[in-house]
Amino acid sequence: MTAILRHFDYFQALFAISMKILPTNSPYHVIFNMFLVATVIFRFFDITKPFFIKKIERSMANALGVMVDDLLAGVYSAITIYIIYKVYI
């Protein structure tokens with residue numbers, strides 16, 4: 001059960017936050033490529049825990065801390081995806 005919730009947490013942070021940045025009228029190949037980039041960027045921020053993400057996760061030493069950690073990684077990922085989209089596309 002915990003593994004299912006952990007994967008749902010990734011899904012929520014990656015798709016609900018990171019992919020909402022892209023406009024819906026983008027071509028499918030652009031959305032697919034940005035999805036791949038968003039997945040890599042999200043995992044990078046989730047593993048490295050930059051800025052204050054690590055501090056928040058440590059201050060909440062329960063499941064809520066893990067979820068907030070992933071949501072903040074999704075926000076950082078969304079900001080990065082938005083910048084990449086505006087600069088290169």
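Grouping the Ile, Leu, Val, Met, Phe, Trp and Tyr side chains by contacts below 4.5 angstrom, directly or via other members, places Phe44 apart from Ile47. There is no path of hydrophobic side-chain contacts, each under 4.5 Å, that joins Val40 to Tyr82.
Phe52 is linked by a side chain to side chain contact (heavy atoms under 4.5 Å, CB included) to Ile56, Leu72, Tyr76, counting only residues two or more places apart in sequence or in another chain. Residues satisfying the side chain to side chain contact (heavy atoms under 4.5 Å, CB included) test with Val37, not counting sequence neighbours, are Ile41, Ile81, Ile84.
With Asn33 contributing its side chain and His29 its backbone, the two residues share a donor-acceptor pair below 3.5 Å. Between the side chain of Lys86 and the backbone N or O of Ile83 there is no donor-acceptor pair closer than 3.5 Å.
Closest approach of Ala38 and Ser77 over heavy atoms only: O-OG, 3.6 Å.
Within the model, atoms CD1 of Ile53 and CG of Asp46 stand 8.0 Å from one another, a figure rounded to the nearest 0.5 Å. With rounding to the nearest 0.5 angstrom, the CG atom of Asp69 is 15.0 Å from the NZ atom of Lys55. One finds the CZ atom of Phe45 at 11.0 Å from the CZ atom of Phe42 (value rounded to the nearest 0.5 Å).
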